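Index from 1, following the sequence. What you see is a predicted model, and the numbers here were worked out from it, not measured in a lab.
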Amino acid sequence: MKIIVLHGGVSNKPELMGKVEEYAEIAIEKSEPLEAVVEAVRLMEDDPLFNAGTGSNIRIDGSIQMDAAVIVPGDFGAVINIEKVKNPVLVARDVMLKSPHMILAGDGAVKFARKMGYESYDPSTKKAMEKRDRILNRLKNGEIPEYYHPEFFKEFLGDTVGAVAFFDGKYAAAVSTGGTGLTLRGRVGDSPIPGAGIFAGEKGAMVATGIGEEIVRRMLSIRVYSKIGKGRIEDICRQEIESFGDIPTGIIAVANGKPCAISNLSMPHAIVLR
Ligand code: ASP
C-alpha cells in the first residue's frame, strides 16, 4: 500500500490544487517513500508558483536564503539558509545520506552542495522581486502591518511546499521553503527544525506550513506525533490547527496508514493512494 500527501503552502491559491495533484501522481511512482517525498518537493521547487527553490521569497536585503529538510524514522537531514542552488531538498537529502552531519547551514551548506555537484543557480523570479518591491515600498510609507496582523499573512506568507509518504509500512517526509516574506537575512522558520515543521517516526510523518515562529513556539509536528493513537489523525490535526486561531497554519500527516491535510486557510494539497 502506498500513500502520499503533498501541500503547496497555507494561504496559497486553491487553483493550484491541480498542479499539486499532478506532482503527487508522479511522485507516488517511486519505489521508496523517501524518494517519493524528495521527488514531490523537487517538482514543486522547480515550479515558480511555489515559494521553494525557483520562486522563493526574497529577503529584505535582496538575498534569497532557503531551508529544506528530509526525515525518515531515526534519520534527518536539513539545509538552513542555503543560497544559489536549484533544489535545496536534494542537498538536504545528501546531508542525511552522504555526510556525517544532520544539519548544514549558510556558506557551509552551499560549499557542501557544490562538493555534491550542484551548480550555482539563481532561484529569483520577477514575481518574487515584485513582491519584495511591494514590501519595501510599504515599509518606506510606514504601512507595514505588524507580524501577526491578518494583513501581513495575506500579503507576505510563504507558499512553502511539503510531502509525507507511507509506502508498505515505511514513513518519510520532506519540506522546502523560501521562508515567509518580510524577513531579515539569517531568519530560520519551522521547516528545517525537526519536531517543529517536520517529523517522522515509526508511527507516522507530518509537515507543517504557516508562520514559522508560531509553529516553532508550539512544536506543532512533535505535538501531533505524540498524540498518535489517541484518536483519528484527522481529529488530532484539526484540534492542533484550531489552537492557532486565525494565524494561518496547515499540516499534512499520515499516521497508522491514514492520511490527512488540515488547514485554517486555503492550502492546495493532494492525497493519493495506490
Ligand atoms: N513555515 C514557513 C516558514 O515560516 C513558511 C510557510 O509555511 O509558508 O518559513
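Under the 4.5 Å side-chain criterion, counting only non-hydrogen atoms from C-beta, Arg59 is not in contact with Leu184. In this structure, Thr183 and Gln65 have side chains that are not in contact, with every pair of non-hydrogen atoms separated by 4.5 Å or more. In this structure the side chain of Val188 reaches within 4.5 angstrom of the side chain of Asp67, judged on heavy atoms. For the pair Ile241/Ile251, a side-chain contact is recorded, criterion being any heavy-atom separation below 4.5 Å from C-beta on. The shortest distance between side-chain heavy atoms of Val272 and Ile3 does not fall below 4.5 Å.
For the side chain to side chain contact (heavy atoms under 4.5 Å, CB included) with Ser176, the qualifying choice from Val38, Val41, Leu90 is Val41, the only one to do so. With Glu130 as reference, Lys126 is the one residue of Lys126, Lys127, Arg134 to meet the side-chain hydrogen bond (donor to acceptor under 3.5 Å, both in side chains) rule. Considering Tyr225, Tyr171, Phe76 as possible partners of Phe199, the one that fulfils the ring pair (Phe, Tyr, Trp, His ring centres under 6.0 Å) test is Tyr225.
Using a distance-only test at 3.5 Å, with no hydrogens or angles considered, no donor-acceptor pair links the side chain of Arg93 to the main chain of Leu97.
Salt-bridge annotation for Arg185 and Glu83: present, with a side-chain N of the basic residue lying under 4.0 Å from a carboxylate O of the acidic one. Salt bridge Glu45/Lys86: absent, no basic N to carboxylate O contact under 4.0 Å. Taking the charged nitrogens against the carboxylate oxygens, Glu22 and Lys19 have no contact shorter than 4.0 Å, which rules out a salt bridge. Using a 4.0 Å cut-off between a side-chain N of Lys or Arg and a carboxylate O of Asp or Glu, Arg274 and Glu29 qualify as a salt bridge.
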**OP:** Applying side-chain contact (heavy atoms from CB on, under 4.5 Å), run through Asp122 and Lys84 and close with a yes or a no.
**Re:** CA-CA 5 Å; Asp122 177 6; Lys84 298 192 171 63; over 6 Å; no

- request: Evaluate the criterion salt bridge (Lys or Arg N to Asp or Glu O under 4.0 Å) for residue pair Arg218 and Glu214; output intermediate values, then yes/no.
  value: CA-CA 6 Å; Arg218 291 157 192 250; Glu214 192 60 23; 2.7 Å; yes

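Residues satisfying the side chain to side chain contact (heavy atoms under 4.5 Å, CB included) criterion with Lys98, sequence neighbours excluded, are Asp94, Met116.
Annotation: Lys2, atom NZ; neighbour count of heavy atoms from other residues, nucleotides and ligands within 6.0 Å is above 12. Atom NZ of Lys203 sits in a crowded spot, with more than 12 heavy atoms from other residues, nucleotides or ligands closer than 6.0 Å.
Listed here is the closest heavy atom pair of Met267 and Thr209: SD-CG2, 3.6 Å.
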